[in-house]
Structures are given as structure tokens and as C-alpha cells.
Amino acid sequence: MIKTIWELIRNLINKPITVRFPKQQIEIPEGFRGEHKYELDKCISCGLCSRVCPNRAIEMVEAPQKHKEKYPKKYPRIDLGKCCFCGFCEDICPTDALKLTKNVYLSTFDIKNVIKEPFEDDVD
Amino acid sequence: MNEKSPTTYELLFGPAHPGSGNFSVKLRVSGEQVVSARSDPGYLHRGFEKLMEYRDRMQNSILSDRVCVLEALNWNLVHAEAVDELTGEEIPDKARYIRVLMAELSRIQSHLIWYGALSMGLGFDTGFKVAFGYRDYLLDIFELVTGGRVYPAGYICPGGVRRDLPDSAKTKIEKTLDKMKIMLRKCENFEKTTLYPRTRGVGVLERQDALRLGATGPIARASGLYSDVRVDDPYEIYSELDFEIPTRDEGDAYARCLLGRLEMRESMRIIRQVLERMPEEKLDPVKPKIAHKIPEGEVYVRNEIARGEAGIYMKSIGEETPYRCKIRGPSLLHMIPVLEHLLAGCQIADVPAIYWSLNICPADMDR
């Protein structure tokens with residue numbers, strides 16, 4: 001009983017283990033597997049990311065008509081709804097064109113935000 | 001009381017009950033007493049065994065996370081060992097140490113969920129909050145080492161591990177272990193005042209019944225059976241480590257709960273030894289490969305995970321994907337024969353106490 005009361009007093013003095021989100025946030029460490037960052041100019045269109053993806057979330061698509069001259073090959077379109085954030089695409093990419101960032105705030109009401117097109121400006 | 005007597009009625013415990021997980025038990029009840037119980041599984045079937053036949057070894061290590069969400073790293077290790085045994089690949093020393101380190105951290109984390117769920121089942125919310133609050137410190141370590149809090153994404157994979165241990169990990173783990181010590185002290189205080197009077201003598205599993213019904217892990221050890229794969233059939237570096245296997249003779253819900261706490265203490269001892277002996281050299285992380293064939297053969301690997309004995313039988317015919325992969329989860333025998341045996345004859349109010357004291361996971365049973 002005395003131990004329990006002692007524990008109660010100790011808990012009154014101690015700070016809570018939670019933080020006041022979103023004003024306060026726990027720092028996310030390096031190497032976290034969050035949203036993808038894709039650099040189009042580094043990509044060599046090898047298609048390894050699409051082949052290694054366990055959920056088949058990456059599809060190789062052709063560039064839109066106006067970019068076709070500069071980018072004649074196929075480029076990865078990532079469906080974040082299917083992605084399990086394993087990071088295999090990042091590991092296998094020979095040119096580091098695809099990387100996972102620390103961004104975890106991916107909730108959205110708009111389904112278009114779920115699919116990451118290789119040519120961002122062409123998403124209508 | 002006859003099972004078909006007109007004074008009995010059926011009571012459903014789950015699958016939408018907040019304290020049962022994705023699992024249901026159909027209870028035949030007479031007044032306040034349970035006459036018989038029938039487990040009703042299958043609400044979480046995802047077909048991993050079939051899915052694994054269509055994926056290569058690295059993709060399967062991602063699937064092995066999902067077999068049991070509560071101890072993903074332990075299942076990673078079982079899968080990785082099965083493939084390693086087929087390929088005969090040499091695992092670097094440091095990778096072996098990291099594997100055991102992560103598996104033991106995962107065991108503590110899983111026992112904390114057990115502790116929390118049991119407290120919640122008994123209506124003791126403080127225990128639940130304390131256990132889940134401290135579990136978050138362990139998830140912080142997983143986040144730092146594997147890159148994800150709950151799903152390590154096949155961190156322990158065939159051939160080693162996917163990343164080397166970060167420099168800050170060692171100090172962080174040591175600090176967390178100190179916090180865990182405080183938590184264990186808190187648990188000890190709860191046990192005497194709340195868990196002990198509520199779980200003592202409830203759901204007694206006799207030694208011969210534990211043997212007959214196929215109980216493994218902490219459930220068997222709480223009934224006086226000394227069995228642990230880490231000692232009986234050592235894998236990785238367990239044979240080099242010094243640790244004890246706690247056992248109890250009572251076989252009731254309290255003994256199982258107490259065993260959970262004692263096992264956390266032993267796991268902390270193992271982690272400290274592993275950290276001390278961890279080789280200094282840099283480790284080459286394992287990267288996924290395309291068209292990587294598994295040599296022909298068949299293998300059965302078993303490991304001691306938090307819930308009991310986990311096994312994977314794998315057969316390969318020389319292709320990239322396994323020909324057959326059979327998963328043996330410890331919860332299957334605990335949730336069907338053992339649970340049905342213990343629930344028959346108990347009071348309705350004791351059902352959550354017995355249910356959660358078995359440390360069950362519907363995910364690894366349904367697979």
C-alpha cells in the first residue's frame with residue numbers, strides 16, 4: 001500500500017510521457033521510411049524498382065506528350081495507397097533517383113494525392 | 001449441466017468485442033457459468049502461405065512481418081533462418097548479434113502488449129496505459145534501427161540484416177533498458193494490489209493438460225514444463241549467452257502474467273550481454289536482388305518467439321520463389337484446444353482474464 005501511494009506521489013511530480021501534438025513533435029530519426037522523393041533527371045528507366053516492389057505499387061509509365069521528346073522512356077508512377085514503405089525501391093535504385101524521406105504526414109481527402117506521377121506538373 | 005439443456009444459452013465473445021481482437025469464442029452459458037466454449041477463428045485470414053509462393057525471398061521477408069504484427073522482428077528471424085538454411089549462406093557475426101538483439105527487444109515489446117491487454121481485459125486501465133506507454137520507447141528504437149515503428153519491413157532478412165546498427169543505437173537501447181527497469185518495478189506493484197487477487201487460481205492449466213493440448217512457450221512454462229527452443233535447440237548466438245528460463249508450477253492466469261514479467265527481465269539480461277559483445281566492425285547491409293534463386297531442398301526451422309514456438313517449413317525446387325511455405329504459429333494451439341479447455345466451467349467474468357492470459361495473437365493463428 002505504501003509503495004502504491006509512493007508511486008502515486010511520484011506520478012504527480014513526473015512529466016507525462018506523451019507530447020502535445022501537433023504543437024510539439026517527436027523527432028523522426030534519419031533513415032525513416034516515409035514518402036518517396038523521385039528525381040526524374042537521375043532516373044535511367046531501368047525498371048528495377050517496379051520489378052522489386054512486393055506490392056506492385058510502382059508502374060512504369062510513358063511521359064506525357066509534351067515531354068516525350070526529352071524523356072522518351074518509361075518512368076515510375078508510385079501508388080502510395082498500395083505501398084508498404086519497405087524501401088526496396090530505394091535500395092535497388094542504381095542511381096539513387098528514388099529515395100524515401102522522413103515525411104509521414106500522408107493522410108489526404110483527395111485520391112489524386114495518393115498517386116505520385118513522375119511528371120508532377122501534368123497531373124490534372 | 002448438459003450442453004443442450006433448455007436453460008443454457010449462447011453468448012458470443014468477439015469478434016467485435018473490444019477485448020478479443022479479430023477472434024470470436026462462442027460460449028454456452030448457464031447463468032453465470034460457462035458450460036462449454038467453442039473457438040471461431042478465421043476473421044483475419046490473409047493467405048500468407050499462398051502469397052509466399054509467388055514472391056521471392058526478400059519480398060517474403062516483408063510478408064513475414066505481417067504474420068504477427070505484435071512481434072514482427074521475431075517472425076522475420078524465423079523466415080530468414082529458413083531461407084539461410086536452404087541457401088547455406090554464411091551470416092556475418094555482427095548480423096547474428098543484431099538479429100538476437102532485435103528479436104529480444106521485440107520479445108519485450110510483445111510482452112508489454114500482453115501485459116497491457118491483460119490489464120485491459122481485467123478492467124485495469126492504468127496497467128494498460130503504463131505498458132503501452134513504455135512500449136513506445138521500444139518502438140523508438142525500432143524506428144531508429146529499422147526505419148519503421150511497428151513494421152520493420154523485413155529488417156532481419158535472408159543473408160543478414162538490411163542495415164547496420166546506427167552509432168546512437170547502443171546508448172539509446174541502454175537508456176531504454178533503464179526505463180524498462182522502472183516499468184518492471186511499477187508492474188510488480190500492480191501485481192500485488194490488482195492482478196493478484198483477480199487472476200489467482202483462474203484458468204488453471206495442469207501440467208499434463210499443457211502437454212496433451214500442445215501448449216508451448218510461456219503458457220507451458222507457467223504450468224511447470226521446462227521447454228524453450230533457445231535452450232533445447234539453440235539458434236543464432238543463444239548458445240553463447242547466459243540466461244535463465246523462468247518457470248512456475250501453478251498454471252493459473254497469475255502464473256502466466258508473472259512469467260511475462262520475469263521473461264522481460266531475462267530478455268533485458270540477454271540484450272545487455274549482446275551489447276557488450278557486439279563486434280565493432282562495419283556491416284555490409286543486404287540489398288534486394290532480382291532473379292536470385294533458392295537452391296533445391298526442404299527445411300523446417302523453429303524459434304522461440306514471445307508467444308511460444310514458431311516454425312516455418314519451406315520447400316524449394318530451385319526457383320526464385322519457394323514451392324511451399326507452411327507457417328506454424330504458436331497461437332493456434334493456445335487459441336483452440338487450450339482456450340476451449342480452460343473456458344469450460346469458468347465464470348463469465350473470468351473469460352477475459354483467461355483469454356488474455358494466454359498471450360494470443362489472432363493474426364499468427366489465421367495467417
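In the text below, chain A, chain B and the rest are named by the order of the sequence lines, each starting its count at 1.
- Dense packing is recorded around NZ of Lys326(B), with more than 12 heavy atoms of other residues, nucleotides or ligands lying under 6.0 Å away.
- The distance from the CZ atom of Arg162(B) to the CG atom of Asp91(A) is 5.0 Å, given to the nearest 0.5 Å.
- Considering OG1 of Thr18(A) and CG of Asp136(B), their distance stands at 9.5 Å, rounded to 0.5 Å.
- The parts of Leu144(B) that come within reach of chain A are both its backbone and its side chain, each placing non-hydrogen atoms under 4.5 angstrom from that chain.
- Atom CD of Gln65(A) is surrounded by 12 or fewer heavy atoms from other residues, nucleotides or ligands within 6.0 Å.
- Residues Ala153(B) and Cys86(A) approach most closely at CB-CA, 3.6 Å, considering heavy atoms.
- With chain A as the partner, the residue from Lys289(B), Lys287(B), Gln59(B), Arg163(B) showing the most heavy-atom pairs under 4.5 Å is Gln59(B).
- Contacts between Pro152(B) and chain A at a heavy-atom distance below 4.5 Å involve the backbone alone (N, CA, C, O).
- Remark: Ser61(B) OG to Phe88(A) CZ distance equals 4.5 Å, nearest 0.5 Å.
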### Message
Let's go through Arg66(B) and Cys84(A) carefully: what are the C-alpha distance in whole Å and the side-chain angles of both, what is the deciding distance for side-chain contact (heavy atoms from CB on, under 4.5 Å) to 0.1 Å, and is it a yes or a no?
### Response
CA-CA 11 Å; Arg66(B) 262 85 173 163; Cys84(A) 67; 3.9 Å; yes
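- Heavy-atom distances place no part of Tyr155(B) under 4.5 Å from chain A, backbone and side chain included.
- More than 12 heavy atoms of other residues, nucleotides or ligands lie within 6.0 Å of CZ in Phe21(A), so this atom counts as buried by the packing criterion.
- More than 12 heavy atoms of other residues, nucleotides or ligands sit less than 6.0 Å from atom NZ of Lys102(A).
- Within a 6.0 Å sphere centred on CG of Asp167(B), heavy atoms belonging to other residues, nucleotides or ligands number 12 at most.
- Taking Val52(A), Ile26(A), Leu48(A) one by one and counting their heavy-atom pairs under 4.5 Å with chain B, the maximum is reached by Val52(A).
- With chain A as the partner, the residue from Arg149(B), Glu143(B), Arg55(B) showing the most heavy-atom pairs under 4.5 Å is Glu143(B).
- Taking CZ from Phe32(A) and OG1 from Thr146(B), the interatomic distance works out to 9.0 Å, rounded to the nearest 0.5 Å.
- Glu69(A) CD: 12 or fewer foreign heavy atoms inside a 6.0 Å radius.
- In the displayed structure, Ile111(A) atom CD1 is contacted under 6.0 Å by at most 12 heavy atoms of other residues, nucleotides or ligands.
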